[in-house]
Number of protein chains: 2
Amino acid sequence: MHNVCQPLDRNRQREFYEKRQTWKKGQFLYRAGEPLGPIFKIITGIVAVADRLPDGRRQILDFFFPGEICGYLETEDRYSFEGEAITDVETCVFGRARFKAFTAAHGDLAEIVRVTLMSKLNSANHRLAELGQLSSTERVAAFLCWLKARYEEHGLETRPLTLPMSRELIADHLGMRLETVSRSFSRLKRLELITASDAGVTLLDLPGLALLAASDDRP
Amino acid sequence: MHNVCQPLDRNRQREFYEKRQTWKKGQFLYRAGEPLGPIFKIITGIVAVADRLPDGRRQILDFFFPGEICGYLETEDRYSFEGEAITDVETCVFGRARFKAFTAAHGDLAEIVRVTLMSKLNSANHRLAELGQLSSTERVAAFLCWLKARYEEHGLETRPLTLPMSRELIADHLGMRLETVSRSFSRLKRLELITASDAGVTLLDLPGLALLAASDDRP
DNA sequence: CGGTTAGTTGAGTGCATTCAATCCCAGTGG
DNA sequence: CCACTGGGATTGAATGCACTCAACTAACCG
């Protein structure tokens, strides 16, 4: 159907971006241990990438927003983690080999990949500090600051902040139980750092939240 | 020896590896926020890379062993984290710009950098799952398994395993207090999964430890 | 020897978890 | 139209794990 690899821009674009795919909320784009399939570029929606322990516990490692690429991380020839659509999601799907060849051929793209990887590693490290050192409420505060920053990147409304993920997802991201997440929200409300309506959460005192979060803001 | 790349071998080698530096246990190779200095390749000893919160709490992100490179992670023009010699350390020190130029000029080296970054990101992700999901004793078990694997990589004695880091360092790595680390060791002894002598720790039942650690082995 | 530092262990506290009840809302079918 | 249902969220009560504070041991070094 799509012929492979011409050094012609038009074709490239088409090759890369033509093959779209949609996912319902709750569907998995890929699972850990599955043979490597394609790489996904998110067009709309949010994907949660998670590590899962044998007994079912899971750690959500990152939330991927439109414009980001997920599914590229691999060990051997299997996916390392799992990617789940937590909203309805639309993706571009394209082959790994082709992606590799393409970046190899373009030095500047390789540099972009390097910078992206480094930035992701940086974020992961900051999150390690959060998980290891912050109390539950501090973690929620840090999460809200982070989410606001992501929303601003994407030009989304931040007053109020519409939370696209459930308490359970937040809990699995922050290494706590959903009830504890809920209590933390209540605590933040009582401290008048946030208010909540059915539309979402409003951050009343960003400096105060950042102070609670203590950790340097994550990039 | 280190056989890095062919063209202009002699000179390159000299440029890269001639400048050595030694560090006493406890010295910092670099600190977060400092203007970017050189990149460090560790020849002997172990370096702990850590993130530090404003109030002094720290999260040790990784331990770097001989042959590894640390100090390359950056945001803007500052070091993101801090690198501390936890034993006496000998390093090669070389300039960032030169390193960049060198990798840019050699596609294969750039690929090595990419793979290394990806592997580090993979490890960081697995450690996120550990911090987020495992109990304290499980975390210590995971840590011991990981350390053994690292030792084997480097051809070091693993029966017994000589722990190069104090309880406090382990605690700051695993997000717990040093007393809890100590209690976890005692628990593992009581479970007859390990024994300890003044020479170090012997892992009696690796499968048992790995089972406790639950998480997939980290790479 | 005394002084110092790393490690272990005990007692008591507190924070996060577990289990459970309730509430709210959206969806559905009588 | 309203009663019913199910999922997400909040809150309460009780438990338990990890933390704090503190005592004590062992090893090392002057």
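The sequence lines fix the lettering, A, B, ..., with proteins before strands; numbering per chain opens at 1. Worth knowing before you read on, the calculation uses all heavy atoms, side chains too, and leaves out hydrogens, waters and symmetry mates.
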Peer 1: Atom CG of A:L169 and atom C1' of D:dA9: how far apart are they, to the nearest Å?
Peer 2: 14 Å
Peer 1: Between the side chains of B:E152 and B:K148, is the shortest nitrogen-to-carboxylate-oxygen separation below 4.0 Å, so that they form an ion pair?
Peer 2: yes
Peer 1: What I want to check is whether an N or O donor and acceptor connect the side chain of B:R183 with the base of D:dT20 at under 3.5 Å.
Peer 2: yes
Peer 1: On the 0 to 90° scale, with breaks at 30° and 60°, tag the A:H126-B:F81 ring pair as parallel, tilted or perpendicular.
Peer 2: tilted
Peer 1: Applying a 4.0 Å non-hydrogen cut-off, can you work out what A:T180 is touching in the nucleic acid: base, sugar-phosphate, or nothing?
Peer 2: base
Peer 1: With 3.5 Å as the limit, what N/O pairs link the protein to nucleotides 13-15 of chain C?
Peer 2:
none

Peer 1: What about B:Y30 and B:F40, are their ring centers closer than 6.0 Å?
Peer 2: yes
Peer 1: Has the side chain of B:R58 got a donor or acceptor atom that lies under 3.5 Å from a matching backbone atom of B:R52?
Peer 2: no
Peer 1: Output the rounded distance in Å from CZ (B:R177) to C1' (C:dG7).
Peer 2: 16 Å
Peer 1: In this structure, how many angstroms lie between the C1' atom of C:dA26 and the NZ atom of A:K25, rounded?
Peer 2: 12 Å
Peer 1: B:E90 and side chain to side chain donor-acceptor pair (under 3.5 Å): which partner among B:R20, B:Q21, B:K41?
Peer 2: B:R20
Peer 1: Which atom names give the shortest non-hydrogen contact between B:L134 and B:A213, and what distance separates them?
Peer 2: CD1-O, 3.3 Å
Peer 1: In whole angstroms, how far is the P atom of D:dT20 from the CD atom of B:E168?
Peer 2: 12 Å
Peer 1: When you compare the side chain of B:M176 with that of B:V181, does any pair of heavy atoms fall below 4.5 Å?
Peer 2: yes
Peer 1: Determine, for B:K24 against B:D88, whether the closest basic-nitrogen to carboxylate-oxygen distance falls under 4.0 angstrom.
Peer 2: yes
Peer 1: To the nearest Å, give me how far apart CZ (A:F185) and P (C:dA16) are.
Peer 2: 15 Å
Peer 1: Check the distance between C:dA6's P and B:D172's CG and give it to me in whole angstrom.
Peer 2: 13 Å
Peer 1: So, does A:S186 get its side chain near the phosphate of D:dT11, meaning an N or O under 4.0 Å from OP1 or OP2?
Peer 2: yes
Peer 1: Would you tabulate the nitrogen or oxygen pairs shorter than 3.5 Å linking the protein to nucleotides 23-30 of chain D?
Peer 2:
none

Peer 1: Starting at atom CG of B:L163, determine the distance to atom C1' of C:dG7, rounded to an integer number of angstrom.
Peer 2: 12 Å
Peer 1: Could you state the atom-to-atom distance from CD1 of B:I194 to C1' of C:dT8 in whole Å?
Peer 2: 13 Å
Peer 1: Can you figure out which of D:dC19, D:dT20, D:dA9 approaches the side chain of A:R167 most closely?
Peer 2: D:dA9
Peer 1: Among D:dT10, D:dA22, C:dG7, which nucleotide sits nearest the side chain of A:L178?
Peer 2: D:dT10
Peer 1: Check B:E153 with B:R150, please: is the shortest side-chain N to carboxylate O separation under 4.0 Å?
Peer 2: yes
